[in-house]
Undergrad: 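I have a structure I would like to understand better, so I am pasting it below and will then ask my questions one at a time.
All figures in this text were calculated on a predicted structure; none of them were measured in a lab. Lettering of chains follows the sequences in order, A, B, ..., and the numbering in each one begins at 1.
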Number of protein chains: 2
Amino acid sequence: MDQFLITFSGKKSKYKELQEHIKHLIITGVLPHHYKLPSIRKLANKLDVNPVTVVNCYKSLEREGYVYTISGGGTYVIADNNLANTNEDFTESSSPHNIKYDLSSSSPSPLFFPVKTFKNLLNEVLERDGGFAFNYQESEGYLPLRQSLQSLLTEYKIKVSHHYIHVITGGQQGLDVIAKTLLQEGDYVFTEEPCYPGAIATFSSRGAKVIGIPIREKGIDLVILEKELKKYKPKFIYVMPDFQSPTGYLYDQTHRKKLLELANKYSFTIVEDDHFADLNYSQIKLPPLKALDTNDNVIYIKSFSKVFMPGLRLALLVAPPLFNGPLQEAKQFSDISTSGFLQRTFDLYLRKGLWNEHVNKVKLIYQRRCQSMLSALERHFPSSIKFSKPQGGLAIWVQLPENLKAKEIQKFALTKGISITIGDDFFIQRKENFFRLSFTNLSEKEIEKPIKELATIIKNML
Amino acid sequence: MDQFLITFSGKKSKYKELQEHIKHLIITGVLPHHYKLPSIRKLANKLDVNPVTVVNCYKSLEREGYVYTISGGGTYVIADNNLANTNEDFTESSSPHNIKYDLSSSSPSPLFFPVKTFKNLLNEVLERDGGFAFNYQESEGYLPLRQSLQSLLTEYKIKVSHHYIHVITGGQQGLDVIAKTLLQEGDYVFTEEPCYPGAIATFSSRGAKVIGIPIREKGIDLVILEKELKKYKPKFIYVMPDFQSPTGYLYDQTHRKKLLELANKYSFTIVEDDHFADLNYSQIKLPPLKALDTNDNVIYIKSFSKVFMPGLRLALLVAPPLFNGPLQEAKQFSDISTSGFLQRTFDLYLRKGLWNEHVNKVKLIYQRRCQSMLSALERHFPSSIKFSKPQGGLAIWVQLPENLKAKEIQKFALTKGISITIGDDFFIQRKENFFRLSFTNLSEKEIEKPIKELATIIKNML
């Protein structure tokens, strides 16, 4: 058991240091597959630490996919060679199981990416610009692309000069540079609850305190919001008015206007995250908050990952004048600039008028898949299970009765080759009875079977 | 003068808010080209602020290229339409002047990028992977690329499993994720002085206190370093042992070993930034610190921007086991993952054995340019001007007598169409008598003329 001995550096919490140490032993093969880790009591004695430290360490290792536990039978090293691929808690994480029905991934389907067209444009850019396509690009983005984006934004009723449009390396980087610009240790941030966990993590990592405001079908709960605004002065509130992640809820006009009014009244900034506005399956198209923002209170992020192709790592950010310089600086210190080569190619894509064509195509596909999943849910799921009926986006949000844990459903589903995303990490005040079903990666015909299987699993547990 | 009226939000310092406000007036054309800004006294009175606020605001606007001052004659809006392109203080910034001789850019020359080869590989990847090339990639990087990088690193005597190799979106992102992982408000960080300003900014933005340790020709000043280590406990020390930026100095074996010993003795982490190890024009090749790091004290970053192509935004980071998980998490919250498409293409480039061929080619070109510039400096510069004689890298570091300001040289040089990078921002304890001359973008024959012009300018000012 001597291989477990560790001198704590004090640089991190003990359980984290111990966890890294054991991870190292696993990765380097010192602890072989299916090796039984020492009992909590024994290891705590050996290292002279509180047993809770070992409990937390083992739990964390399990969550990261390095070990598995057998109820009452101990903790074991898993037998998967590809350990480093078992990401922690991100929705994009791959799973070590053999998945036949992927209902967990929030990625769009690669089958509908415009690969051929894009390939031609990549070549066109290289013919045109040669090596200069691979040089450093301005931190705020390639000027012609920013001009193209200015024109694209008018279609969403956002009228803004390209001087305030920044090209960023994906929506997540937008959250990161906003956190860097606006947040300091101890600041307050409000988010919808449930909320995209990557946002919560980014804001927390700046030392901010994140307060969740419940999201309802027609938008954030304005009564609770105003109550909290009287108690705290948040630096900003982070919202997704169009098909909120994970719930799929759509803000109505009243909630949009009222939120902007509150921003004025209580002087806070709104961070509007637009992943899904393009994937709107209804006839009603409401303007983004930024389009209604006459007082420069909104920072707007539009990601091209969900509607276009995530591997490009491209998004745009519209900054209010006050934050224009500081946001650009924060972007610069994050990764200097977004790949100029990919920016140039995307610019060409927009200039050739290919954007709307693509959006209309994928919208139709996902709309059908959405309907197909909703119809399967209605037919198979017990009536005690609630689920969202989104008019856009890529997923459906499911609520179990409070005594059921999504984690348990997930475990059984995996044995049937079905992956789902449990809702736990989307909550600040942890709730364990929610999960998310994505319909992006299964055809209309394929969707029925896994939903039926899930229904059976749930019925058995009710 | 009413357009200058501003209600301070208190979200930022007053001079910053005022600066953003005036910037907005300039960008939107409210203040036309060559418009004379109000005098400091008048504006301070009007806004009821301390005149220092206005001074700082105007200085900052000037540094960012929005206004110019005429000695004793006031401050004016500049007459450049491309205002948004005038980056602040980054070495990659473009200049609004008409530059004939670019001695300021630290970018490699796009003329030597392997565009044709890379284009073929881009197409090969798309033929092979289709849409999957544009999907999300694992946060730690595309597994085959990490394996290729593992093999590449053995050429630098770094033996490490790919489990500890992370693909990052350029070297700057490496600094950012390290800062996120290791630094909290009030922590100490040591850097060489002078030092890459992007590093200082990134560390400071986490609230860390940056202490500069002088760099000498053979490495960091070990005596001063140990003295400071007795006073402060830095979270890490940031160094560039191979052709340090901006000085071009190369750590000898003694300095490498002694630094590692000190890391052990005083328990600090070393962040080793390798931009230039491949551009070594001498016969002596010393192993990177990471290769000598038997105690897992070194986090190693290798950028592919300076030696390969900056527009790919690709670098690697080698993490010690203790920080492996936290660094991956910080990367994930920064931009989810680096473009999988570009990762796949670079992987192919490495697998086809094209890397060494490219490095040898550009090394020869830059070595000749370096010699050509050194020889021109020796012939034309007055003997009172000191300059580095680098055995690698892309630039030469010049020291003026203390009574001369590099900024003045820069101003005159610009009128002759020559751009140089002044050293001011590389110093924590500001020094104004240094500048940097890059030899990447001029052929051997072209180098003489601007050096001769610079020499004349300096002689006139001595």
Undergrad: How close do B:F333 and A:D176 get, heavy atom to heavy atom, and via which atoms?
TA: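 For B:F333 versus A:D176, the nearest heavy atoms are O-CB, 4.1 Å.
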Undergrad: What's the shortest heavy-atom distance between B:P326 and A:E20, and which atoms?
TA: CD-OE2, 3.3 Å
Undergrad: Where on A:F118 is there a heavy atom nearer than 4.5 Å to chain B: the side chain, the backbone, both, or neither?
TA: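 A:F118 touches chain B through side-chain heavy atoms alone.
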Undergrad: Identify which part of A:H24 has an atom lying under 4.5 Å from any heavy atom of chain B, answering side chain, backbone, both or neither.
TA: both
Undergrad: For B:R313 and A:T338, which heavy atoms make the closest approach, and how far apart are they?
TA: CG-C, 4.3 Å
Undergrad: Hey, what do you get for CG (A:L312) to CZ (B:F134), rounding to the nearest 0.5 Å?
TA: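 So the CG of A:L312 and the CZ of B:F134 are separated by 5.5 Å.
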Undergrad: Name the region of A:K12, side chain, backbone, both or neither, that has any atom closer than 4.5 Å to a heavy atom of chain B.
TA: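 Just the side chain, heavy atoms under 4.5 Å.
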Undergrad: About how many Å separate CD of B:E17 and CZ of A:F323, when rounded to the nearest 0.5 Å?
TA: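 Nearest 0.5 Å value for the CZ-CD distance: 8.0 Å.
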Undergrad: CG of B:N135 to OG of A:S105: how many Å apart, nearest 0.5 Å?
TA: 6.5 Å
Undergrad: Name the option with the most non-hydrogen atom pairs under 4.5 Å to chain A; the candidates are B:L126, B:L322, B:N324.
TA: B:L322
Undergrad: Heavy atoms only: give me the nearest B:K23-A:G325 pair and the separation to one decimal.
TA: NZ-CA, 3.7 Å
Undergrad: Give, as side chain, backbone, both or neither, the part of A:L122 having an atom under 4.5 angstrom from any heavy atom of chain B.
TA: side chain
Undergrad: Which heavy atom of B:L342 sits nearest to which heavy atom of A:S339, and what is that distance?
TA: CD1-OG, 3.8 Å
Undergrad: Kindly compute the distance separating OH (B:Y136) from OG (A:S106), expressed to the nearest 0.5 Å.
TA: 5.5 Å
Undergrad: Which bit of B:S267 is near chain A, if near means a heavy-atom gap under 4.5 Å: side chain, backbone, both or neither?
TA: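 Only the backbone of B:S267 comes within 4.5 Å of chain A.
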Undergrad: Against chain B, label A:K180 side chain, backbone, both or neither, depending on which of its atoms sit under 4.5 Å from a heavy atom there.
TA: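 The answer is the side chain of A:K180.
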Undergrad: Which answer fits A:F113, side chain, backbone, both or neither, if we ask what part of it has an atom under 4.5 Å from a heavy atom of chain B?
TA: side chain
Undergrad: Supply the atom-to-atom distance A:F341 CZ to B:T345 OG1, rounded to the nearest 0.5 angstrom.
TA: 8.0 Å
Undergrad: Against chain A, work out which of B:P321, B:P108, B:A199 has the most heavy-atom pairs shorter than 4.5 Å and name it.
TA: B:P321
Undergrad: Could you check whether any side-chain heavy atom of B:E127 comes within less than 4.5 Å of a side-chain heavy atom of A:K119, counting everything from C-beta outward?
TA: yes
Undergrad: With a 4.5 angstrom heavy-atom cut-off, is it the side chain or the backbone of A:S337 that approaches chain B, or both, or neither?
TA: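 Its backbone and side chain both get close to chain B.
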Undergrad: Out of A:M309, A:R206, A:Q184, which one racks up the most heavy-atom pairs below 4.5 Å with chain B?
TA: A:M309
Undergrad: Is the number of heavy atoms from other residues, nucleotides or ligands under 6.0 Å of A:E124 CD greater than 12?
TA: yes
Undergrad: Might you point out which heavy atoms bring A:D335 and B:T169 nearest each other, and give the distance in Å?
TA: CB-O, 3.6 Å
Undergrad: In terms of heavy-atom proximity below 4.5 Å to chain B, should A:F112 be classed as side chain, backbone, both, or neither?
TA: neither
Undergrad: Mind checking the CG-OG spacing from A:L175 to B:S334? Nearest 0.5 Å is all I need.
TA: 11.0 Å
